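In what follows, a single structure is set out as structure tokens and then discussed.
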Amino acid sequence: MYPKVILIGRPGSGKTVTSRKFGNHAMKLSNMVRYVHVSCFLNRTLSSVLKDIGVQLNIAIPKRGGYSTEELLKMLLDMVREKNIYAIVALDDVFHLVNNSGPHALGTLIRLGEEYVSRGDKYRFGIILISQDLSFRDQLDRSSQSSLGNTVIRFEPYTKDQIFEILLVRAQEALIDDAYDEEILEMIADVAGIDEKVLDDHRGGDARYAIDILWRASKLAEIKGADRILPEHVREAIKNTLRGIRSDELRMLPLHEKIFLLAIVKSLMKNPNSPYIPFGIAEDEYKMLCEQYNEEPRKHTQLWEYLRDLNLKGFVETRTSSKGMRGRTTLVSIPSEPLMTLDEELRRIIEGELGT
């Protein structure tokens, strides 16, 4: 068989954990099956994806550069046939690969090994594509879309009751029995889950966010010497938790893109009464930060590229306005993250990278 499936849903809706659990189950059924999970946030080129697949399949890919993607593909396929194994390859956040390397890169992976099948070999690869929506599929050519098929599994956002059930299981596994009560878990679920009657609420349903709040609240209680998690610990944890941005995603940004994002954060903090700041204000703040960090600032056009990338990743939101301004101005906002927390996290990552 050649299984191909697309998993779509909001961040924290269970796509990745479901894919991993399926992969682990498949490997238990047969020692000839390998599950490979590739982060396209970290691997945004076809060659990088192929190398990561090779590493996870324990296939020796030469470290020296200079190999074309066709050569890497041939090495991979030849070794899979030689080892007589079958691979299920999950491409997580696949839209990053399409946005960075173009739809042809994904098309190549979708048709992985089909040429060998035409010569009489078996299908060796199954494909799981994980994304927030189907916009990446629309960019593929007709041949790739046809090869991919139409098997789509949609992950709905978690309701408050479902978040509560998840938190209850995690608390039972991780915490002392008397360290929490169900009201505390309900409090977190009310913040992180969505109302079952309002399923089109775009602000909640993130289990990862809920679990992070529980973890932070439990650590706060421990640090403060409390016997149990109190509502105040939850409130402080919510204030200190990034809602939709993961720390590993911030770390993977280029240094000056991180500095520019920090400049946007600081500009918004200096203008607390406005949800948006003009691009120019963020650019001026960026130049001051570069001076502070003893870094040569990037050019104006490069900052526009950073802004475009940050917008694509969902770190910032932008809109164009001419209200009260000369000409049309790009406005920038960070609507869903606590600015103080994002400021502290970015400064910690940047200063760690610079060794300051």
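Both backbone and side-chain heavy atoms feed into the values below; hydrogens, waters and symmetry mates do not. Not measured: the values here are computed from a predicted model.
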Notebook entry, point to check: Under 3.5 Å, is there a donor-acceptor pair between the Asn271 and Ser274 side chains?
Noted result: no
Notebook entry, point to check: Can you name the ring pair (Phe, Tyr, Trp, His ring centres under 6.0 Å) partners of Tyr276, sequence neighbours left out?
Noted result: none
Next item on the list: For side chain to side chain contact (heavy atoms under 4.5 Å, CB included), just list the numbers for Leu167 and Ile188, CA-CA rounded to whole Å, side-chain angles, deciding distance to a tenth of an Å, and then say yes or no.
Entry: CA-CA 9 Å; Leu167 290 175; Ile188 299 172; 3.7 Å; yes
Check: So which heavy atom on Pro231 is nearest to which on Met187, and how close?
Finding: O-CE, 3.6 Å
Next item on the list: Please report the C-alpha distance between Ile6 and Ile153 in whole Å, then the side-chain angles of each, then the deciding distance to 0.1 Å, and finally whether the side chain to side chain contact (heavy atoms under 4.5 Å, CB included) criterion is met.
Entry: CA-CA 6 Å; Ile6 304 172; Ile153 300 174; over 6 Å; no
Next item on the list: Specify the closest pair of heavy atoms between Leu268 and Pro275, including all atoms of both residues, with the distance to one decimal.
Entry: CD2-O, 3.6 Å
Note to self: Within the structure provided, determine whether Ile59 and Met75 are in side-chain contact (heavy-atom separation under 4.5 Å).
What the structure shows: no
Check: Does Asp178 CG have over 12 foreign heavy atoms under 6.0 Å away?
Finding: no
Margin query: Looking at Asn24, I'd like to know if its CG atom is crowded, meaning that more than 12 non-hydrogen atoms belonging to other residues, nucleotides or ligands lie closer than 6.0 Å.
Written below: yes
Next item on the list: Name all residues meeting the side chain to side chain contact (heavy atoms under 4.5 Å, CB included) criterion together with Glu222; count only those two or more places apart in sequence or in a different chain, and write none if there are none.
Entry: Lys219
Check: Does Thr341 have any side-chain hydrogen bond (donor to acceptor under 3.5 Å, both in side chains) partners at least two apart in sequence or in another chain, and if so, which?
Finding: none
Notebook entry, point to check: Atom CD1 in Ile194, atom CG in Asp206: separation rounded to 0.5 Å?
Noted result: 11.5 Å
Margin query: Are the side chains of Arg34 and Tyr86 in contact, using a 4.5 Å heavy-atom criterion?
Written below: no
Margin query: Taking salt bridge (Lys or Arg N to Asp or Glu O under 4.0 Å) as the cut-off, I'd like each qualifying pair that reaches into residues 82-93, sequence neighbours left out, listed once.
Written below: Asp93-Arg246
Next item on the list: Answer yes or no: is there a side-chain heavy-atom contact under 4.5 Å between Leu97 and Val49?
Entry: yes
Check: Does any donor atom in the side chain of Ser218 or Tyr180 lie under 3.5 Å from an acceptor atom in the other side chain?
Finding: no
Check: How are the rings of Phe315 and Phe41 set relative to one another: parallel (under 30°), tilted (30 to 60°) or perpendicular (over 60°)?
Finding: tilted
Check: If you take all heavy atoms of Arg298 and Tyr286, which pair is closest and at what distance?
Finding: N-OH, 2.7 Å
Item checked: For Asp52, all residues meeting salt bridge (charged side-chain N to carboxylate O under 4.0 Å, His left out), sequence neighbours excluded -> none
Margin query: Among residues at least two apart in sequence or on other chains, which ones pass salt bridge (charged side-chain N to carboxylate O under 4.0 Å, His left out) with Lys224?
Written below: Glu236
Margin query: Can you tell me if Glu183 has over 12 outside heavy atoms packed within less than 6.0 Å of its CD?
Written below: no
Checklist line | Distance (rounded to the nearest 0.5 Å) between Leu220 CG and Ile213 CD1 | finding: 11.5 Å
Check: Hey, which of Val98, Leu148, Ile8 is the one that makes side chain to side chain contact (heavy atoms under 4.5 Å, CB included) with Arg137?
Finding: Leu148
Next item on the list: Before accepting this row, confirm whether a basic side-chain N of the pair Arg216/Asp212 lies closer than 4.0 Å to the acidic partner's carboxylate O.
Entry: yes
Next item on the list: Taking atom CD1 of Ile176 as the centre, report whether more than 12 heavy atoms of other residues, nucleotides or ligands fall under 6.0 Å from it.
Entry: no
Check: So which pairs with a foot in residues 11-24 pass salt bridge (Lys or Arg N to Asp or Glu O under 4.0 Å), sequence neighbours left out?
Finding: none
Notebook entry, point to check: Mind checking what makes side chain to side chain contact (heavy atoms under 4.5 Å, CB included) contact with Glu182, not counting sequence neighbours?
Noted result: Phe164, Leu168
Checklist line | Contacts of Leu230 that satisfy side chain to side chain contact (heavy atoms under 4.5 Å, CB included) - sequence neighbours left out | finding: Arg228, His233
Next item on the list: Considering non-hydrogen atoms only, spot the tightest contact between Thr45 and Ser101 and give its length.
Entry: CA-OG, 3.2 Å
Check: In terms of the angle between their ring planes, are Phe279 and His300 parallel, tilted or perpendicular, with boundaries placed at 30° and 60°?
Finding: perpendicular
Margin query: Taking atom CE as the centre, does Met340 end up with more than 12 heavy-atom neighbours from other residues, nucleotides or ligands that are less than 6.0 angstrom away?
Written below: no
Item checked: All pairs passing salt bridge (Lys or Arg N to Asp or Glu O under 4.0 Å) where residues 282-296 contributes a residue, at least two apart -> Lys270-Glu285
Check: What do you reckon, is CZ of Phe155 surrounded by more than 12 foreign heavy atoms closer than 6.0 Å?
Finding: yes
Note to self: Under the salt bridge (Lys or Arg N to Asp or Glu O under 4.0 Å) definition, can you give me all pairs with a residue in residues 339-354, not counting sequence neighbours?
What the structure shows: Lys258-Glu353, Lys266-Asp343, Asp343-Arg347, Glu345-Arg348
Margin query: If you apply the rule side chain to side chain contact (heavy atoms under 4.5 Å, CB included), what do you find for Ile127 with Ile88, and how did you get there?
Written below: CA-CA 6 Å; Ile127 298 289; Ile88 300 167; over 6 Å; no
Check: Got Phe136 and Pro103 here, is their nearest side-chain heavy-atom distance under 4.5 Å?
Finding: no
Item checked: Minimum side-chain heavy-atom gap Thr108-Leu73 below 4.5 Å -> yes
Margin query: When you compare the side chain of Val316 with that of Leu261, does any pair of heavy atoms fall below 4.5 Å?
Written below: yes
Check: Would you call Arg124 and Asn84 a side-chain contact if the rule is heavy atoms closer than 4.5 Å?
Finding: yes
Margin query: Which residues pass the salt bridge (charged side-chain N to carboxylate O under 4.0 Å, His left out) test with Arg44, not counting sequence neighbours?
Written below: Asp309
Next item on the list: Indicate whether the side chain of Asn240 and that of Arg235 have a donor and an acceptor atom separated by less than 3.5 Å.
Entry: no
Next item on the list: With the side chain counted from C-beta on, respond yes when Gln139 and Asn99 share a heavy-atom pair under 4.5 Å apart, and no when they do not.
Entry: yes
Item checked: Short side-chain donor-acceptor distance under 3.5 Å, Asp133 and Ser135 -> yes
